[in-house]
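What follows is one structure encoded as structure tokens, with my remarks underneath.
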Amino acid sequence: MSSDPDLPQRILACVEAIPPGHVMTYGDVAEYVGSRTPRQVGHVLAQDGGTVPWHRVLRADGSFADHLRDEQRQRLIAEGVRVNNGRVDLRRYRWDGRADAKSS
DNA sequence: ATGTTGACACCGG
DNA sequence: TCCGGTGCCAACA
């Protein structure tokens, strides 16, 4: 299998599947949907990202995109996510796509 | 087909 | 831990 035709659709579905208070990195979403490149995830969000909670998707470092980091930061905080100096606690809010990890 | 840009990730210092 | 440069893949002109 390689490059499904509904890849963008899957990405949007994956982002929509992210529960509030949780976040996913572009690389994780890409891997989850089958994309080999996290860049494609960003491109898809740029197209129809307005139809999905894109603010729950952030970078591998836990930071946000340059143009959206302001809005994302506020939104994540509103969701109850703990943000530190523009950095989100991935190890705590990183969603695997199965259930919410509870590690304490 | 080629070159450039990009809502990224990884490695080295 | 923070900063910079490099690599990967896909979309666009």
Side-chain angles (χ1 to χ4, degrees):
Chain A
M1 60 208 230
S2 33
S3 313
D4 289 280
D6 299 306
L7 193 50
Q9 214 259 319
R10 281 190 179 185
I11 293 169
L12 296 172
C14 182
V15 177
E16 274 187 287
I18 301 174
H22 282 271
V23 297
M24 264 181 107
T25 69
Y26 291 96
D28 281 10
V29 176
E31 184 96 2
Y32 190 88
V33 303
S35 181
R36 299 100 58 71
T37 45
R39 286 204 166 270
Q40 217 199 340
V41 179
H43 260 272
V44 173
L45 288 174
Q47 284 174 84
D48 299 306
T51 67
V52 298
W54 50 268
H55 57 261
R56 284 182 195 147
V57 186
L58 31 116
R59 287 189 107 171
D61 297 344
S63 51
F64 325 98
D66 294 8
H67 21 271
L68 306 167
R69 70 180 167 79
D70 299 271
E71 191 121 16
Q72 281 200 261
R73 183 171 64 83
Q74 301 297 338
R75 283 196 182 266
L76 271 307
I77 292 169
E79 294 289 314
V81 176
R82 209 183 229 280
V83 182
N84 286 16
N85 196 8
R87 227 59 86 224
V88 180
D89 292 316
L90 284 175
R91 45 149 208 166
R92 192 172 146 133
Y93 294 104
R94 201 173 183 185
W95 188 51
D96 337 55
R98 313 215 167 252
D100 69 289
K102 45 114 232 179
S103 77
S104 279

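Throughout, a chain's letter reflects where its sequence line sits, starting with A, and its residues are numbered from 1. No experiment lies behind these values; they were computed from the predicted model shown.
With rounding to the nearest 0.5 Å, the separation of CZ in A/F64 from CD in A/Q72 is 6.0 Å. Note that the NE2 atom of A/H55 and the CG atom of A/L76 stand 6.5 Å from one another [nearest 0.5 Å].
Residue pairs meeting the salt bridge (Lys or Arg N to Asp or Glu O under 4.0 Å) criterion with at least one member in residues 9-33 of chain A, sequence neighbours excluded: A/D4-A/R10, A/D28-A/R94.
The distance from atom CH2 of A/W54 to atom C1' of B/dA7 is 9 Å, rounded to the nearest whole Å. Per the geometry, CG belonging to A/D48 stands 13 Å off C1' belonging to B/dA7, to the nearest Å. Rounded to an integer number of Å, the gap from CG of A/L45 to P of C/dA10 is 17 Å. Taking atom NE2 of A/H43 as the reference point, atom P of C/dA13 lies 11 Å away to the nearest angstrom. Protein atom CD of A/E31 is 13 Å distant from nucleotide atom P of C/dC9, rounded to whole Å.
Here the side chains of A/L7 and A/Q40 are in contact, with some heavy-atom distance below 4.5 Å.
Evaluation of the salt bridge (Lys or Arg N to Asp or Glu O under 4.0 Å) rule for A/R87 yields no partner, not counting sequence neighbours. A/S63 pairs by the side-chain hydrogen bond (donor to acceptor under 3.5 Å, both in side chains) definition with nothing, not counting sequence neighbours. The side-chain hydrogen bond (donor to acceptor under 3.5 Å, both in side chains) search around A/E79 returns A/R56, not counting sequence neighbours.
When all heavy atoms of A/A30 and A/T37 are compared, the closest pair comes out as CB-O, 3.8 Å.
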Grab the N/O contacts between the protein and nucleotides 1-3 of chain C below 3.5 Å, and write none if there aren't any.
none

What are the atom names and distances for every N/O pair under 3.5 Å that joins the protein to nucleotides 9-13 of chain B?
| residue | atom | partner | partner atom | Å |
| --- | --- | --- | --- | --- |
| B/dA9 | OP1 | A/G27 | N | 3.2 |
| B/dA9 | OP1 | A/A60 | N | 3.2 |
| B/dA9 | OP2 | A/A60 | N | 2.9 |

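Listed candidates were C/dC9, B/dG6, B/dA7. Nearest to the side chain of A/A65 is B/dA7.
Here the side chain of A/Y93 pairs a donor or acceptor atom with the backbone of A/R82 at under 3.5 angstrom.
Taking only side-chain nitrogens and oxygens, A/Q40 comes nearer than 4.0 Å to OP1 or OP2 of C/dA11.
Looking at which nucleotide of DNA chain C each of A/Q47 and A/T37 is closest to, the 5′-most match is held by A/T37.
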